[in-house]
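A short worksheet on the structure shown next.
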Amino acid sequence: MIPYDHKKIEKKWQRFWEQKKLYKTSDSAEEKDNFYALVEFPYPSGNLHTGHWYAFSVPDIFVRKKRMEGKNILFPIGFDAFGLPAENAAIKRGFDPKKWTYENIDYMRRQLRSMGASFDWSREVITADQEYYKWTQWIFLQFFKKGLAYRAETAVNWCPKDKTVLANEQVAAGKCERCGAEVEQRQMRQWMLRITDYAERLLSGLDKLNWKDEIKQAQRNWIGKSEGAEIEFEIKNGIASSYVLLHGYTGSPNDNFFPWLKKTLENRGAKVYAPKLPNTDDPRVYDQAAEVLKSVPFNKDTVIVGHSLGSVVALKIIEQLKVPVRKTIIVAGFTENKFIDEPFEVHTFDWKFNVKKIRQNAGKVCILRDTIDDVVPQFQAENIKKLIGGKIFDFTASEPHASGKIEPEILRHCIDSVRVFTTRPDTLFGATYVVLAPEHELVQSLDSRIENLEEVKKYIGEAKRKTPLQRQQETKEKTGVELKGVKAINPTSKEEIPVWIADYVLSGYGTGAIMAVPAHDERDFEFASKFGLPIKHVVIPSVVDHVNPPRPDKSSKTRINVHALVYDPVNKKYLIIRNKKFGWDTVVIGGVEEGEKAISAALRELMEETGYVDLEFKRILGGPAKAVYFAKHKDENRIAITTAVYFELKSDKRVAIAEDGENEGNEILWIDAKDFVPGKMVNSELPYWLERLKAGTNMAYAGNGALINSGKFEGMDSEDAKKKITEFVGGEIKTQYKLRDWVVSRQRYWGVPIPIIYCEKCGVSAVSEKDLPVKLPDIKDYLPTGEGKSPLAKATKWLSVKCPVCGGNAERETDTLDTFVDSSWYFLRYCDPKNKKSFADAEKMSAWMPVDLYSGGAEHTTIHLLYSRFWYKAMYDLGLLGGEAAKLGDPSRLGEAEADEPYSERRNRGIILGPDGQKMSKSKGNVIDPDEYVAKFGSDTVRMYLAFIGPYSEAGSYPWDPHGILGIRRFLDRVWAMASTKNLLKAEVFQDFSQRDGARLSNSPAGEYAGLEKSAAEASIVRTINKTIKQVSENIEDFKFNTAISAMMILLNEVEKQSDAISHKQYVEFLKILAPFAPHLTEEIWQKMNKSAKGGPAKGWKSIHLEKWPEYDPKMLEEENYDLVVQINGKTRDKFSVSVNISQSEAEHLTLAREKVKLALDNKQLRKIIFVPKRLINIVV
RNA sequence: GCCCGAGUGGUGAAACGGCAAACACGCACGACUCAAAAUCGUGUGCCGAAAGGCUUGUGGGUUCAAUUCCCACCUCGGGCACCA
């Protein structure tokens, strides 16, 4: 017997496949459909671990099967080569990150080849290659030009250890996902991508995708959509006594600047001055304004609003004022993120400002940044901020100067008010206070009115010092401070309510302020309870009686009543009333008179109806709640606002029951506690009611229901009231997402340089296309500066550059891009990896995209998967994807196709644990080195063992069993041994084998097979092989490789027992279905079976991996007989062999005749017989 | 707390609503061997000497029949987490 020398065999075939370029893919193949199978490319950490093997070699089984089925397969591989580990190795051990990375790639490439996976290496992509990152930069610039990439100052996550910012998605439980250090919040100016613009499409796109629900759900949760309303709460005395409105240069061609704004302010009793300014940039514009403004009595309660040109006028006025004004609002332009490729003429004012004077007199400064692209530097938000300070508020309308949109926005700043976001506008009547996030801007603008400013400032300072993790850890105990002297006005009741700041309100979500409805929100309830704030119930649960539902043909009456539940603790019984006349059970129900307490009403009614008087009130069981039912005794529908009260019986003492019509037919009953359940009572679901009524007692009731204490909305269903109340107070229906914009700049070296240039004069501009790529310079010192700057800031020579607009001296952006940017489009580069003219050719992309099957780790669900979906959609909208996608580029046609989704099917893989069932880690000493096992058993064994370890279709975690792998090796040994002992591997026997299709494997004379036994064995083998082909085919499709392997094992077990019965054709079929699992072994046997006389491969021989995937014959699956299972009352009692065609009556007859059945039935009456052909017969007695 | 997913032998795990535990590991016994390893064979859910009974986290429901469908609860894993 020839030994199975895996080392020799595997090396031989890996070399052979490579030489023959067996897996090289052309973009189309005749009569073959394209199929794009993608696995997440690895980070070149230096060594392939078990996880890599699991990630790559198992999907390779699927890929090989698809290829044999006749698909033109794209199965590429590459390296996600930028990232922190390289850089940290550089800092720690002095390696050159580039050298380190590329050496690792070389090593891993060799290891990957030893895996025998059928990658097309000719398409390898490395993200750190200049040819690749040139296009990363290029695409980034396309985003920049469309405003999808922008730079802004926001609160960002800062990792103090890695000294870089992180995206939200890279922070887990307040810690840096990579190094575990506690993340801090910092205000920093960063590059961001507008992924939030795509929130809705990222959400709706999921519906169309063939992904597992758990993956979709995780993305949905991450996006976190909630629908609600924004509602304005005015601050008491929030309106100033006078306003001066100064219109803009280009924005308002009409006489009056914002007529609506003027009217609105006047309606509220303010004095408004809106002089007409000439539409010119001549300095005399001020003189004219000054003339008009002579009549304005400026004082410390004046608010000045300047827009564009008007802002310059405003500054001039402020400069000359003697007394400071209350507030200055400047509506300014925005140039920073505009891509300027053409020089423009700059309008200039030669006015000089006295900055000190302005700062003295401007009061609170608030700058609203419009989307208008203002080319005049004086009109730009940033410049105005430099000049007079203050705070910038971004205002994004759908169009610049959006009339009707910007005015309300300005109004908000003219009148001190708080805008809150709520998903429960229906509870607005119950808003008893307002809470601001500590970072909320209103605190600053109100500081003169806050009586306890010191305390407030102290609280804010403490809140700011806390890391996000600390804040999270303190969720149990709520803290906060009231802004004393400040009141907000509830827009429904006009009541004055207190304003608090508390860090349980997050500045980054919604408006950074909430209306607190303690009665109907758990957090507010907790806060209100702690600080003694009022709790006002406005929604009560609503219960409809399903046993006695309201009848549409009957009139309805609303009543306030009480349900009195009485318990006798001695006998453990409940008191109920059974009405004989109408046939129902109730507890005592009594109407509550005007001004009466529920408890006394209950006691009165109990006495009248039952006579019991010695009762002790225990507690309010529930309510108030709305209960709707049909009251038979009154023949009308009842809408009862009811309270449930619980009493205990102290003694049997009774008085006479009042004899009136009401009590007719009533029977007073005491029933067992266990019988006090809906099913056991007559026409009653009272216990269920009482349960429902409990909601809202001693806790916040957050459910829906009916409105109370809500003015004209009294009684309305809370769901309907949401819209109605929002309209009533002039609020705005709004959708919020938890998703934040993606922060992509990193203050680190080893990444793609952001291709942006800063010029003193021209601001921010893109690097010209011809200058791409901006190469990552070689530097010596990789240490981050720590103060928010990348090590690139130290590469002085690289740093300085000519401005692409004016040609003057300028500087480069020193931050690099997040590596998730690199991996957001690598699958596109695989389509056309060598392209020098574009990132990928449109035709080629449309030949392959979308990816048919994407396999990767579950940890990327809300990171890479979400990012790349966004990236792809953005590219799609920019028309960059070409082919069909470009034709579909019109956003109005979206939804017609999935053209904007990159992956049509996604599968998450599980993880391999150490033998101890723990995650593998060096410190635990449970790391399995795949190389060791490959050396010992071969890569075929390792990959097949990983496939066998558990269902790949479920992202479970499977421990590596060092013994378990033996089972696979034994199986492969037996496959080999069978070929070997059956002389398959001897050339002289099998030359011209191709002509001997159908011949027996053994050399024995044909006569030996004569006889019944043999043919039964043959029939059995035929059936098994067909079954196996069927199962293996289906299981691979479902990623259930474990059961596919088990099916092949079953086949081999059977074949070994009667190997003479297997034909050559059948053996070949077996070999072919095994080929994707054990590509080397099967190829070796396949070749040896097809040797020519001279010993080389037979003429026309081709690799088994290019052979056609076997098909099964459904007819061959059928059996003539089967074991009929006999059940009696569902329990198996017997079984016997019957023909497949047996009729029910025959089966019954045979079954009843059997001894065991007779015995078991014991002459009992048969009630029913169920016969399921080909399965069982069930006798019910 | 919310949203997913999963609970089946000693272990990894199988099972269109139809014989629970296929396949594999491990273990026990046997064969081969002077011996061991490897290999091959037999057995292996639990209780019971056997007949037989019990068994898919717990409790209920639907069904002739439930690991599978429905409800409640418990435990574990994952994601989110003061998101108004």
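Within every chain, numbering begins at 1; the chains are lettered A, B, ... in the order of the sequence lines, protein sequences first and strands thereafter.
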Name the nucleic acid region contacted by A:F971, choosing base, sugar-phosphate or nothing; use a 4.0 angstrom heavy-atom cut-off, strictly under.
nothing

If you look at every strand shown and take non-hydrogen atoms under 4.0 Å, does A:V1125 touch a base, only sugar-phosphate, or nothing?
base

So, does A:K1168 get its side chain near the phosphate of B:C64, meaning an N or O under 4.0 Å from OP1 or OP2?
yes

Ranking A:I1179 and A:K1156 by the position along RNA chain B of their nearest nucleotide, the one closer to 5' is A:K1156

By nearest heavy atom, map A:L966 and A:Q217 onto RNA chain B; which one lands nearer the 5' end?
A:Q217

Any A:N1053 side-chain nitrogen or oxygen under 4.0 Å from OP1 or OP2 of B:A24:
yes

Would you classify B:G9 as syn or anti? Syn applies when the glycosidic angle is within 90° of 0.
syn

Pairing nucleotide - B:A35, Watson-Crick or G-U, each distance under 3.5 Å
none

Salt bridge between A:D1134 and A:R1154, side-chain N to carboxylate O under 4.0 Å?
yes

Whole angstrom is fine here: how far is it from CG in A:N221 over to P in B:G1?
17 Å

Counter-base of B:C27, judged by Watson-Crick or G-U geometry with both distances under 3.5 Å:
B:G43

Please determine whether a side-chain nitrogen or oxygen atom of A:R970 lies at a distance below 4.0 Å from atom OP1 or OP2 of B:U39.
yes

Phosphate-side-chain proximity, A:T1043 and B:A15, N/O vs OP1/OP2 below 4.0 Å
no

Would you say A:N1042 reaches B:A24's phosphate, i.e. side-chain N/O to OP1/OP2 under 4.0 Å?
no

Check this for me, if you would: do A:E40 and A:R907 make a salt bridge, where the nitrogen-to-carboxylate-oxygen distance has to be below 4.0 angstrom?
no

Can you tell me if A:Y867 uses its side chain to pair, donor with acceptor, with the backbone of A:T862 under 3.5 Å?
no

Pair partner, B:A14 [Watson-Crick or wobble, under 3.5 Å]
none

If you look at every strand shown and take non-hydrogen atoms under 4.0 Å, does A:D961 touch a base, only sugar-phosphate, or nothing?
sugar-phosphate

Distance under 6.0 Å and angle within 45° of the ring axis: does A:K1174 meet both against A:Y1122?
no

Counting only side-chain nitrogens and oxygens, does A:Y958 get under 4.0 Å of the OP1 or OP2 atom of B:A13?
no

Which base, if any, makes a Watson-Crick or G-U wobble pair with B:C80, both distances under 3.5 Å?
B:G1

NA contact type, A:V505, heavy-atom cut-off 4.0 Å: base, sugar-phosphate, or nothing?
base

Between B:C23, B:C54, B:A84, which nucleotide has the shortest distance from any of its atoms to the side chain of A:L506?
B:A84

Determine the contact category for A:I949: base if any of its heavy atoms lies under 4.0 Å from a base atom, sugar-phosphate if only primed atoms, P, OP1 or OP2 are that close, otherwise nothing.
sugar-phosphate

Using a strict 4.0 Å threshold on nitrogen-to-oxygen distance, state whether A:K530 and A:E526 make a salt bridge.
no

Please classify the nucleic acid contact of A:F421 as base, sugar-phosphate, or nothing, using heavy-atom distances under 4.0 Å.
base

Select base, sugar-phosphate, or nothing to describe what A:G224 touches, counting heavy atoms under 4.0 Å on all strands.
nothing

Within the 4.0 Å heavy-atom criterion, would you say A:T861 contacts the bases, only the backbone, or no part of the nucleic acid?
nothing

Nucleotide of B:G53, B:C19, B:C25 approaching A:K1135 most closely (side-chain heavy atoms)
B:C19

Within the structure shown, what part of the strands sits under 4.0 Å from A:E522 by heavy-atom distance: base, sugar-phosphate, or nothing?
nothing

Is A:K1030 near enough to B:C16 that one of its side-chain N or O atoms lies under 4.0 angstrom from OP1 or OP2?
no

With both distances under 3.5 angstrom, what nucleotide forms a Watson-Crick or G-U wobble pair with B:A20?
none

Once you apply a heavy-atom cut-off of 4.0 Å, does A:R969 come out as touching a base, just sugar-phosphate, or nothing?
nothing

Evaluate A:S718 against A:N704 for side chain to side chain donor-acceptor pair (under 3.5 Å), listing each step before the verdict.
CA-CA 6 Å; A:S718 53; A:N704 282 330; 3.2 Å; yes

Using the C1' atom on both, measure B:C2 against B:A65 and round to a whole Å.
37 Å

Any strand counts, and the cut-off is 3.5 Å on both contacts for Watson-Crick or G-U wobble. Which nucleotide pairs with B:G9?
none

Roughly how far apart are A:R740 CZ and A:E169 CD, rounded to 0.5 Å?
10.0 Å

